Amino acid sequence: MQSRLSVFTSEPEIVAGDYERFVEALTCRPGRVFADERGPKDLYSEDVEGLGLVGVAFSKIESRKIRRRLIAWHRARAESGKPAGGTRPFGWQEDRLTLEPVEAALLNKAGDEVIAGRSINSIILEWRERQILTSLGNLWTPRSMKVTLNNPRLCGWRRSGDDILRNEAGEPILGLWQPVMSSTKWLALHTVLDARKGKMRAPGETYRDVPPDFYETKYLLTGIARCGKPGSDGAPCGTPMRATHQRHCVQHIYICQPKSVGGCSGVGRRGDKVDEFVSEAILAKLEERTAVAERAPWLRAGELGAVNQKVQSLRDQWLAGGISDDFFYPTLQRLEQQRRDLRNDEAKHAATQLRAQSDLSDIRRRWYTDELDLSQKRALVKESLHAVIVHPVGPGGRGRAAFNPDLLELVWRQ
């Protein structure tokens with residue numbers, strides 16, 4: 001009864017069914033008394049019970065009014081470009097308008113690195129080593145980093161739900177705060193992060209988020225190199241090879257996994273030699289392109305402008321009473337879907353251009369001086385290759401021999 005009383009007296013949006021159950025529970029025995037801040041009430045009286053139900057209805061109406069006023073207030077602030085409340089966002093000072101130079105530079109650099117292929121985990125590990133904390137003084141996690149980099153606030157925009165807040169012309173509303181990066185760069189960053197969405201799954205487990213003590217791959221071709229030893233049916237094994245170390249070997253070795261996990265344990269190869277060969281092949285392919293990619297314009301800008309004009313014209317006709325609701329809403333839905341598709345295509349184009357410009361700038365020197373970290377190198381390998389097939393040495397696939405690059409098959413992407 002105490003729990004029901006606490007809910008009834010504290011929740012403004014209590015429904016009629018709850019009130020009825022409360023009255024039945026209290027009046028199941030005669031002689032009980034109920035009182036609130038207005039004094040005692042005789043819930044055994046039918047008039048008082050009816051007044052209570054009326055009060056519940058008015059309470060629900062008032063609660064909805066408050067919610068609508070709050071939504072309208074937040075919307076008005078967003079449309080005027082004012083920043084949201086809450087804690088200080090990383091990258092800005094306490095006024096939420098002026099950039100904090102050190103933090104803003106870190107965010108800008110992180111955006112460039114993610115576009116260039118660096119993993120979120122790699123950036124977090126570096127920031128933890130440098131003791132860079134969030135604005136609340138906490139360690140960075142994959143979730144907090146993704147939320148920060150995926151926030152349109154970085155380029156001066158504001159999000160409303162899942163969409164960018166826009167004016168009647170379809171253009172993003174600019175906030176009053178200083179942006180960390182350009183809108184083109186943020187669109188590219190947003191596209192790259194969206195493409196990486198997903199969960200991890202351990203054997204026998206359901207999908208779950210990556211744990212805080214995440215693991216970064218240590219070798220270039222982990223999960224990319226595959227065993228090419230033919231089985232009894234003539235088909236290659238195809239199992240992803242893992243990297244390991246053996247006695248008297250300084251370098252790592254790629255080996256096929258044991259039969260207990262689906263492999264054949266029949267192929268092994270010096271990892272440093274394989275990495276060097278694949279690296280040279282990838283660099284040669286990249287250097288075939290123009291050293292500095294020319295910035296090609298997005299060719300569908302006219303389509304997006306035409307769709308925006310159609311949306312605005314449709315709204316004007318609807319407001320003027322020229323078209324019915326039955327025509328307006330389905331047509332608007334189709335046009336908005338076209339507009340979303342075009343904006344996604346624009347973001348992908350921006351990501352492709354920025355990735356090309358960042359990847360091909362003095363790529364060979366950056367690769368071998370470790371200016372590119374392992375996650376960025378792996379991103380370039382994955383963009384160029386489906387897999388690296390490691391074929392066996394000698395009859396039966398066993399035996400030691402000098403490294404032979406002809407036994408490596410690179411499966412290129414189109």
Side-chain angles (χ1 to χ4, degrees), residues 113 117-129 142 200-205 210-231 236-284 364-411:
E113 291 174 336
R118 189 176 186 184
S119 71
I120 292 290
N121 293 349
S122 175
I123 296 174
I124 292 173
L125 289 173
E126 178 190 337
W127 285 21
R128 287 185 176 184
E129 290 177 358
M200 64 173 293
R201 181 180 185 275
E205 294 184 0
V210 177
D213 53 342
F214 42 80
Y215 172 77
E216 270 290 292
T217 303
K218 297 181 180 179
Y219 301 100
L220 182 65
L221 299 178
T222 300
I224 303 173
R226 292 180 175 269
C227 175
K229 181 180 178 180
C237 172
T239 303
M241 304 177 75
R242 63 185 180 91
T244 186
H245 286 268
Q246 296 180 355
R247 285 189 304 173
H248 312 302
C249 290
V250 177
Q251 70 282 343
H252 61 283
I253 299 174
Y254 291 116
I255 61 171
C256 183
Q257 301 189 57
K259 295 180 180 179
S260 59
V261 292
C264 67
S265 299
V267 174
R269 202 61 44 87
R270 279 187 58 170
D272 59 336
K273 295 291 186 181
V274 177
D275 290 350
E276 181 182 1
F277 176 80
V278 172
S279 296
E280 284 297 324
I282 295 295
L283 291 171
R364 182 174 292 275
R365 180 192 63 80
R366 294 164 62 215
W367 187 287
Y368 285 115
T369 58
D370 290 332
E371 188 174 326
L372 297 176
D373 81 336
L374 185 61
S375 63
Q376 290 173 288
K377 294 178 183 178
R378 283 175 56 84
L380 289 171
V381 172
K382 289 179 179 180
E383 287 180 357
S384 302
L385 295 172
H386 286 291
V388 177
I389 309 300
V390 183
H391 293 286
V393 177
R398 293 190 180 274
R400 294 182 179 274
F403 177 76
N404 182 2
D406 293 335
L407 296 176
L408 297 179
E409 178 186 352
L410 306 186
V411 185

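These numbers come from the heavy atoms of this one structure, side chains and all, not from hydrogens, waters or symmetry mates. Keep in mind that what you see is a predicted model, and the values were worked out from it rather than measured.
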From Met241 CE over to Ile255 CD1, what is the distance, rounded to the nearest 0.5 angstrom?
7.5 Å
May I ask you to test the Leu408-Phe277 pair for a side-chain heavy-atom distance under 4.5 Å?
yes
Applying side-chain contact (heavy atoms from CB on, under 4.5 Å), can you list everything that pairs with Ser260, at least two apart in sequence or on another chain?
Pro258
Could you tell me which non-hydrogen atom of Glu280 sits nearest to which non-hydrogen atom of Tyr368, and how far apart they are?
OE2-OH, 2.7 Å
Over all atoms of both residues, closest heavy-atom pair of Gly228 and His391
O-ND1, 3.6 Å
Over all heavy atoms of both residues, which pair between Pro142 and Ile124 is shortest? Give the atoms and the distance, please.
N-CD1, 3.3 Å
Check the pair Leu407, Val393 against side-chain contact (heavy atoms from CB on, under 4.5 Å), reporting the backbone distance first and the verdict last.
CA-CA 8 Å; Leu407 296 176; Val393 177; 3.7 Å; yes
Any heavy-atom pair between the side chains of Ser265 and Cys227 that's under 4.5 Å?
no
What verdict does the side-chain hydrogen bond (donor to acceptor under 3.5 Å, both in side chains) test give for Asp373 and Ser375, after you've listed the backbone C-alpha separation in whole Å, the side-chain angles of each residue and the deciding distance to 0.1 Å?
CA-CA 6 Å; Asp373 81 336; Ser375 63; 2.9 Å; yes
Looking at CG of Leu221 and CZ of Arg242, how far apart are the two atoms once the value is rounded to the nearest 0.5 Å?
15.5 Å
Is Gln257 reaching over with its side chain to a backbone N or O of Gly262, donor-acceptor style, under 3.5 angstrom?
no
Can you tell me if Arg269 uses its side chain to pair, donor with acceptor, with the backbone of Phe403 under 3.5 Å?
no
Where do Pro230 and Pro392 come nearest, in terms of heavy atoms and distance?
CD-CG, 4.2 Å
Please determine whether side-chain contact (heavy atoms from CB on, under 4.5 Å) holds for the pair Trp367 and Leu283, giving the CA-CA distance in whole Å, both sets of side-chain angles, and the decisive distance to 0.1 Å.
CA-CA 9 Å; Trp367 187 287; Leu283 291 171; 4.0 Å; yes
Residues passing the side-chain contact (heavy atoms from CB on, under 4.5 Å) test with Leu385, sequence neighbours excluded, are Val278, Ile282, Val381, Val388, Leu410, Trp412
What pair of heavy atoms forms the shortest contact from Cys256 to Gly266, and how long is it?
CB-N, 4.1 Å
Exam field: side chain Tyr219 to backbone His252, donor-acceptor pair closer than 3.5 Å:
no
Which distance, rounded to the nearest 0.5 Å, do you find between the CG of Leu372 and the CZ of Arg364?
12.5 Å
What distance do Arg270 atom CZ and Asp275 atom CG have between them, rounded to the nearest 0.5 Å?
11.0 Å
Is any side-chain heavy atom of Leu220 less than 4.5 Å from a side-chain heavy atom of Ser279?
yes
Who are the salt bridge (Lys or Arg N to Asp or Glu O under 4.0 Å) partners of Glu276, not counting sequence neighbours?
none
So do Arg378 and Ile224 actually touch side chain to side chain, heavy atoms under 4.5 Å?
yes
